[in-house]
Amino acid sequence: MAKKLNIAHRILVTITILVALLAFTGGLAKYISPRVSVIFPFAALPMLSSMTLNLLLLIYWSIRRKYWTLLPLGVILFNFSYIGGVVQLRFSKPDLLPGHKSFKIATYNVKEFGREDQAAASWQIAEFMNREQVDVICFQEYQDYEHFNMDSMKMSFRNWPYNAILADTLDLLRLAVFSKFPVEKGELIKYKDSGNCMMWCDVVVNNTRLRVFNVHLQTTGLSWKRREIEQEFQSEQSTMEKKKKVFKETFDLLVDGIHKRIVQADNLHRLVEESPYPVLVCGDLNSPPSVYTYFKINEGLKDGFRTAGHGYAYTYRFYKHMLRLDYIFHSESLQGIDYYSPELDVCSDHNPVIMQLGVPQQ
């Protein structure tokens, strides 16, 4: 019995070291650019799982009163900023500051409205946003088709009379902003060797001009690559060489996406810094709150979930609800009041994100 207990102890010690090493390496992703090494962003992807395991190991070693408690404790403290990016303990909304006007903004990757039943999805989303009393909506992958053209889509969102719809070419995944407030100016920013893009436009909220960035960073491509991997493993004709080939293609795709997103994030950060007006950054970053991309965009801005969110945050409905990929960031001069990501099973694999803010009136 003593021998078995000794073996179990050694196994748990080994697991503790490995899990702590994984979480520590992932935690370095916020400090070290993927240009140096892609090891760090890959280690940061399972951060939620590694941090959960470290918490369980911390509890276990604390009960056992062993010095191994220090290892998971140290890793949890080192990654404490990540925890705030996925969990917030907040039980009430703050009062609107004097001299501020409240409004709501939403971001939603609609995944081309599901294509098959685009008209129904468009009207459902409009009805949902109306119920939530959203004033400004940022859409990613806002595509129209022959059977449901752009005029029909605009009709769905007629309660938001102002709009900026950029990226008319079919080579790009279109972005759109719909607003109950006047929309002025606007620019499309294309990414090199990518079907993704971003845009900005100025929205005038009760005489206060805000610069809204609608962002769709480089897509991971995992959704369709996952299906290819599943097909290879389910096929009786598949060989080990074919499986290796699919895995290599998937790895190369992920690495390419990581490198493209850091360039896109750097560009966005520069544009935000150059803005003469308070800023809102809304969109699908295809990055969790543990990697360089997130922290680069968050630099100089506030993560709306950290300032006004509550509970556990995720926005991607697959992968066991473990990924937060969609965000709303805001300038410090804007007051965060409420932030949430409701379940909306209409056409997309993402949930919308909605934020209520206070805007100082001029």
Side-chain angles (χ1 to χ4, degrees), residues 103-183 186 188 190 194-201 203 212-217 219-224 226-227 280 282-286 314-318 321 323 325-328 340-355:
F103 86 107
K104 278 189 177 182
I105 188 168
T107 181
Y108 192 17
N109 182 335
V110 291
K111 202 173 176 63
E112 304 180 60
F113 291 98
R115 295 195 184 204
E116 291 82 6
D117 200 2
Q118 187 182 18
S122 182
W123 284 100
Q124 279 182 269
I125 292 168
E127 183 182 353
F128 171 81
M129 294 294 178
N130 207 41
R131 286 199 308 270
E132 295 295 320
Q133 298 180 311
V134 173
D135 299 295
V136 180
I137 314 170
C138 296
F139 287 121
Q140 301 87 47
E141 300 193 23
Y142 184 87
Q143 304 296 103
D144 65 331
Y145 300 95
E146 273 186 46
H147 65 279
F148 196 64
N149 61 25
M150 190 57 67
D151 288 338
S152 299
M153 294 178 73
K154 287 180 180 178
M155 182 59 67
S156 302
F157 298 97
R158 64 185 183 276
N159 289 340
W160 294 264
Y162 304 99
N163 63 73
I165 303 173
L166 303 180
D168 290 330
T169 173
L170 294 175
D171 295 332
L172 293 177
L173 292 167
R174 187 184 284 118
L175 302 166
V177 173
F178 283 84
S179 174
K180 293 180 180 179
F181 303 109
V183 174
L188 172 69
K190 297 181 181 180
S194 175
N196 297 71
C197 56
M198 67 178 169
M199 62 169 282
W200 64 261
C201 62
V203 178
V212 176
F213 288 87
N214 187 6
V215 182
H216 191 192
L217 297 192
T219 303
T220 62
L222 275 180
S223 295
W224 58 268
R226 183 187 62 187
R227 290 192 289 270
L280 285 158
C282 307
D284 177 5
L285 303 189
N286 279 303
Y314 73 93
T315 64
Y316 191 67
R317 295 195 295 108
F318 298 142
H321 295 173
L323 293 175
L325 305 178
D326 306 82
Y327 303 84
I328 298 175
Y340 55 103
S341 181
E343 280 278 353
L344 185 60
D345 187 6
V346 175
C347 57
S348 177
D349 46 5
H350 293 251
N351 284 331
V353 176
I354 300 172
M355 184 171 189

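Looking only at distances, a side-chain donor or acceptor of Q118 sits under 3.5 Å from a matching main-chain atom of Q143. With N351 contributing its side chain and R317 its backbone, the two residues share no donor-acceptor pair below 3.5 Å. Between the side chain of D135 and the backbone N or O of K180, no donor-acceptor pair lies under 3.5 Å. The backbone N or O of L325 sits less than 3.5 Å from a side-chain atom of T315, completing a donor-acceptor pair.
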**Request:** Please step through side-chain contact (heavy atoms from CB on, under 4.5 Å) for the pair L344 and Y108, ending with a clear verdict.
**Result:** CA-CA 10 Å; L344 185 60; Y108 192 17; 3.8 Å; yes

**Message:** Could you go through N196 and T219, starting from their C-alpha distance and side-chain angles, then the distance that decides it, and tell me whether this counts as side chain to side chain donor-acceptor pair (under 3.5 Å)?
**Reply:** CA-CA 7 Å; N196 297 71; T219 303; 3.0 Å; yes

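Ring geometry for F157 against F178 counts as tilted: the plane angle lies between 30° and 60°, on a 0 to 90° scale. Note: H350 and Y316 have perpendicular aromatic rings, judged against thresholds of 30 and 60 degrees for the angle between ring planes.
Side-chain atoms of W160 and K154, non-hydrogen and from C-beta on, never get closer than 4.5 Å to each other. Considering only heavy atoms from C-beta on, V212 comes within 4.5 Å of C138 through its side chain.
Note: C201 SG to L175 CG = 10.5 Å, rounded to the nearest 0.5 Å. From Q124, atom CD reaches atom OG of S156 across 11.0 Å, with rounding to the nearest 0.5 Å.
A ring-ring contact (aromatic ring centres under 6.0 Å, His included) with F113 is found for exactly one of F148, Y145, Y142, namely Y142.
Of all heavy-atom pairs spanning P352 and M129, the tightest one is CB-CE, 4.2 Å.
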